[in-house]
Amino acid sequence: MEGKISLYEIVKIVKKRMFLILSCLLLVVAVTWAISYFFITPQYDANAQILINQKVVQDQQLSTQDIQTNLQLINTYTVIIKSPVILSIVIERLKLNITPDLLMEKIAMSSEQNSQVLNISVKDISQKKAVSIANMTAEVFQEKISELMNVDNVTILSPATVKNKEKPIIPNIPLNLAIATFLGFIIGVSISLLIEFLDTTVKTEKDVQDIMNFPLLGLISPISTKRVKKNKGQTVKGEREVV
């Protein structure tokens, strides 16, 4: 085959090697499903939301500057929530057999742009445990922030709850299978193209023309040998017919 290959030739190769391509696709999908189902430990997600607000005195309203100040404090609060000062108390109250550093890896913080709502997300192999950690982290932070920064502007907006029939976020089997289907097809096509490129046998007149680099002057039609029935049931072998 030439160094360059046309789209038409690729389509022909795909049709020719369809069995190989489908075999690769099914193999990759089967392996991905087995790994996702049997080897990856399911993890659940629990979310608690806290509101960063300003303690309002009677007949006093929040100004734009107060809101901007609260938004700037969110980054500071994110660091404090994941600090050993807070997590050590969470571990003690929930009697967790884990270090603050390992617990920190389970917790993720996020907030919407220009929003005073801070989301505490916890991942764990147990949904109930993830819910407990998220809620306890929010409660401890609400208690300790007044001591750490001499402020009282944190409110638990939405505690985490246990949901029935909650599906784990890891592994995402439908997504994994979709990616495996795409990769399996790509692998199958790549192997098919590689086989065609490595195949140096001459099969068609185009292969001859490509190898010899000469134009074709003519073609010889295939010649077949048949048994021709004669009268009285006799047969004659070796007669040739030009197709």
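Along the sequence shown, residues carry numbers from 1.
One finds no salt bridge joining K12 and E9 here, because no Lys/Arg side-chain nitrogen approaches an Asp/Glu carboxylate oxygen to under 4.0 Å.
Residue N135 comes nearest to A160 through the heavy atom pair OD1-N, 2.6 Å, listed as atom of the first residue, atom of the second, then distance. Here the closest non-hydrogen pair linking A134 and A46 is CB-O, 4.2 Å. Nearest heavy atom pair, residue S111 against residue I74, reads OG-CG2, 4.0 Å.
Here the side chains of D152 and I145 are not in contact, with every heavy-atom distance at 4.5 Å or above. Counting only heavy atoms from C-beta outward, the side chains of I81 and T137 approach each other to under 4.5 Å. No side-chain heavy atom of L87 sits under 4.5 Å from any side-chain heavy atom of V140. Contact check for Q49 versus I120: no side-chain heavy atoms found under the 4.5 Å cut-off. Using a 4.5 Å heavy-atom threshold, the side chains of K144 and I80 count as separate. Using a 4.5 Å heavy-atom threshold, the side chains of I50 and V117 count as separate.
Checked against ring pair (Phe, Tyr, Trp, His ring centres under 6.0 Å), F182 has no partners two or more places apart in sequence or in another chain. Taking S88 as the reference, nothing meets the side chain to side chain donor-acceptor pair (under 3.5 Å) condition, with sequence neighbours excluded. E143 is linked by a side chain to side chain donor-acceptor pair (under 3.5 Å) to R93, counting only residues two or more places apart in sequence or in another chain. Taking K106 as the reference, D124 meet the side chain to side chain donor-acceptor pair (under 3.5 Å) condition, with sequence neighbours excluded. By the side chain to side chain donor-acceptor pair (under 3.5 Å) test, N119 pairs with N47, sequence neighbours left out. Not counting sequence neighbours, the partners of V14 by the side-chain contact (heavy atoms from CB on, under 4.5 Å) test are I10, M18, I21, V189. For I91, the side-chain contact (heavy atoms from CB on, under 4.5 Å) partners are L96, I98, P100, L103, not counting sequence neighbours. Under the side-chain contact (heavy atoms from CB on, under 4.5 Å) criterion, T99 pairs with D101, L102, not counting sequence neighbours. Residues passing the side-chain contact (heavy atoms from CB on, under 4.5 Å) test with V85, sequence neighbours excluded: S83, L148.
If you chain together hydrophobic residues whose side chains sit under 4.5 Å apart, V90 and L118 fall into the same group. Following chains of ILVMFWY side-chain contacts shorter than 4.5 Å, one can reach Y37 starting from I40, so the two form part of one hydrophobic cluster. Under a hydrophobic clustering in which Ile, Leu, Val, Met, Phe, Trp and Tyr are joined whenever their side-chain heavy atoms come within less than 4.5 Å, directly or via other members, M136 and I89 fall into the same cluster. Both I179 and F185 are assigned to one and the same hydrophobic cluster, defined by single-linkage of ILVMFWY side chains at heavy-atom distances under 4.5 Å. Both F38 and L177 belong to a single network of hydrophobic side chains, linked directly or stepwise wherever heavy atoms of I, L, V, M, F, W or Y lie under 4.5 Å apart.
Of the inter-residue distances, the one linking I191 atom CD1 with I186 atom CD1 reads 11.5 Å to the nearest 0.5 angstrom. Note that CG of L194 and CZ of R17 are 10.5 Å apart. Values are rounded to the nearest 0.5 Å. One finds the OG atom of S126 at 11.5 Å from the CD atom of Q43 (value rounded to the nearest 0.5 Å). Taken to the nearest 0.5 Å, the CG atom of L51 stands 6.0 Å off from the CD atom of Q116. With rounding to the nearest 0.5 Å, the separation of CD in Q127 from NZ in K163 is 8.5 Å.
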Please output the side-chain donor-acceptor pairs of residues 24-35 that fall under 3.5 Å, not counting sequence neighbours, one pair per line with the distance.
{"from": "T32", "atom 1": "OG1", "to": "V28", "atom 2": "O", "distance (Å)": "2.8"}

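Counting only residues at least two apart or on different chains, the side-chain hydrogen bond (donor to acceptor under 3.5 Å, both in side chains) pairs with a member in residues 176-191 are S36-N176. Counting only residues at least two apart or on different chains, the ring pair (Phe, Tyr, Trp, His ring centres under 6.0 Å) pairs with a member in residues 100-158 are Y77-F141.
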Evaluation steps, salt bridge (charged side-chain N to carboxylate O under 4.0 Å, His left out), between K123 and E105:
CA-CA 9 Å; K123 293 179 182 179; E105 296 178 359; over 6 Å; no

Kindly indicate, with the supporting measurements, whether the criterion side-chain contact (heavy atoms from CB on, under 4.5 Å) is fulfilled by S121 and I107.
CA-CA 6 Å; S121 179; I107 300 176; over 6 Å; no

